[in-house]
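Just below is one structure, and these are the notes that go with it.
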Amino acid sequence: MATIKLPEQLPSPAQDSETLRKALDGFMHDGKAVIKVLCHRNATQRKLIRKTYQELYNQDLIDTLQSKISHNFGKAVVWWTYDPSERDARMVKNVLSSKEIGTKEQLQVIVEISCASSPHHLLAVRKSYCSLYHCSLEEDIIAYAPPFAIKILVALVSSFRYDGEVVDLNLANEEASTLQEAVALKRFDQDHVVWILSTRNVFQLKATFEAYYEKFGNHLSEDIKDFGNDLLESLVKDVIACIASPEKHFVEVIKAATDGWGTDEDSLSRVIVSRAEVDLMKVRKAYLDIYKTSLDQLIKDETSGDYGAFLMALLGN
């Protein structure tokens with residue numbers, strides 16, 4: 001359910017590299033040319049362009065983009081140009097390197113990569129993290145994440161869930177009751193609860209969440225409240241949302257990023273860039289279903305210039 005559109009006649013990586021070289025040469029950059037190339041190439045093609053650019057000009061394309069393009073457009077186009085696993089590893093590192101780690105938005109980044117990605121992508125992110133930073137992702141979470149979040153986050157990033165559609169309804173009912181007990185005790189950091197959320201396959205967990213609703217009359221996320229830690233509540237709710245319906249989770253991230261005065265461009269870019277090759281079409285549909293207006297129109301209203309054109313291109317326009 002990707003939204004990016006590829007050209008019928010694909011230029012060679014050398015041709016694309018030459019186009020980008022010309023677009024980035026001199027004092028001013030040609031944003032339209034950058035968008036025309038990079039926004040219409042998939043991850044494999046972008047990786048090959050970056051490799052060819054290095055071979056032809058003895059420069060890393062990422063370094064060139066960072067030196068020539070600034071602000072929101074520059075940041076977003078750099079995230080897009082990275083290989084997806086390297087991009088996500090760098091996003092997590094940015095969170096863990098923050099002096100004030102512990103905001104809802106920061107923790108969301110780790111949860112999204114852990115719970116809204118395929119097991120194979122998460123494994124690739126962990127490998128990229130080790131390669132880039134010479135330590136494991138788990139080590140840095142233990143070292144820098146807020147104490148209340150460590151157990152859950154380490155379990156989530158360490159997981160390799162089965163990727164098939166296998167569901168045991170008896171187990172779903174049993175574990176729904178286990179989750180309800182955790183709700184009653186206001187303790188979602190218990191080992192067996194963390195184990196359920198971090199190891200069961202996505203289809204099994206969706207069945208468990210449905211069993212919870214049928215048995216107790218509320219959605220699990222509705223019953224998670226008054227834990228005494230608002231960030232822990234948000235963290236657990238984000239885990240459930242990213243597993244139960246990633247597209248609805250990302251709709252709410254976009255909504256939060258664009259509500260009120262100003263726009264949280266970092267969160268908006270993160271969603272569009274990270275989901276454009278995954279399920280952004282589903283996110284667009286969910287946004288329309290929930291808010292009765294198009295995501296495309298929202299992006300037009302909230303952004304402008306090359307940055308807006310870049311996001312619209314990733315949306316498929």
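- A salt bridge does not link Glu86 to Lys93: none of the charged nitrogens lies less than 4.0 Å from a carboxylate oxygen.
- Using a cutoff of 4.0 Å between basic side-chain nitrogens and carboxylate oxygens, Lys248 and Glu252 are not scored as salt-bridged.
- Considering only residues two or more places apart in sequence or on other chains, Glu105 meets the salt bridge (Lys or Arg N to Asp or Glu O under 4.0 Å) condition with none of them.
- Annotation for Lys75: atom NZ does not count as buried by contact number, only 12 or fewer foreign heavy atoms lying within 6.0 Å.
- Residues Ser269 and Tyr307 bring a donor and an acceptor atom of their side chains to less than 3.5 Å of each other.
- Under 4.0 Å is where a charged nitrogen must lie from a carboxylate oxygen, and between Glu175 and Arg200 at least one such pair does.
- Among residue pairs with one or both ends in residues 155-168, those qualifying as side-chain hydrogen bond (donor to acceptor under 3.5 Å, both in side chains) are Glu138-Ser158; sequence neighbours excluded.
- Applying the side-chain hydrogen bond (donor to acceptor under 3.5 Å, both in side chains) rule to Thr178 yields no partners; only residues at least two apart in sequence or on another chain are considered.
- The salt bridge (Lys or Arg N to Asp or Glu O under 4.0 Å) check on Asp223 picks up nothing, with sequence neighbours excluded.
- Looking at Glu247, its side chain never comes within 3.5 Å of a backbone N or O of Asp279 through a donor-acceptor pair.
- Note on ring orientation: taking the six-membered ring where Trp is involved, the planes of Tyr213 and His219 are parallel (angle under 30°, cut-offs 30° and 60°).
- Between the side chains of Thr258 and Glu302, no donor N or O sits under 3.5 Å from an acceptor N or O.
- Applying the salt bridge (Lys or Arg N to Asp or Glu O under 4.0 Å) rule to Asp289 yields the partners Lys285; only residues at least two apart in sequence or on another chain are considered.
- Remark: Tyr144 engages no residue in a ring-ring contact (aromatic ring centres under 6.0 Å, His included) (not counting sequence neighbours).
- A salt bridge does not link Glu210 to Lys206: none of the charged side-chain nitrogens sits closer than 4.0 Å to a carboxylate oxygen.
- Shown here are the side-chain contact (heavy atoms from CB on, under 4.5 Å) partners of Asn317, two or more places apart in sequence or in another chain: Asp296, Met312, Leu315.
- A salt bridge is defined here as a Lys NZ or Arg NE, NH1 or NH2 lying under 4.0 Å from an Asp or Glu carboxylate O, and Lys22 with Asp30 fails to meet this definition.
- A donor-acceptor contact under 3.5 angstrom links the side chains of Tyr129 and Asp140, judged on distance only.
- Residues satisfying the ring-ring contact (aromatic ring centres under 6.0 Å, His included) test with Phe148, not counting sequence neighbours, are none.
- In this structure Lys255 satisfies the salt bridge (Lys or Arg N to Asp or Glu O under 4.0 Å) test together with Asp259, sequence neighbours excluded.
- In summary, Lys104 and Asp238 engage in a salt bridge, as defined by a charged side-chain N under 4.0 Å from a carboxylate O.
- No side-chain donor-acceptor contact under 3.5 Å links Gln180 and Ser177.
- Partners of Ala244 under the side-chain contact (heavy atoms from CB on, under 4.5 Å) rule, at least two apart in sequence or in another chain, are Phe209.
- With 3.5 Å as the limit, one finds a donor-acceptor pair spanning the side chains of Gln297 and Asp301.
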For residues 110-117, which side-chain donor-acceptor pairs fall under 3.5 Å, sequence neighbours excluded?
residue : atom : partner : partner atom : Å
Glu112  : OE1  : Arg270  : NE           : 2.9
Glu112  : OE1  : Arg270  : NH2          : 3.3
Glu112  : OE2  : His249  : NE2          : 2.9
Glu112  : OE2  : Arg270  : NH2          : 2.9
Ser114  : OG   : Ile110  : O            : 2.7
Ser117  : OG   : Ile113  : O            : 2.9

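- Applying the side-chain hydrogen bond (donor to acceptor under 3.5 Å, both in side chains) test to Asp191 and every residue at least two apart in sequence or in another chain returns Lys151.
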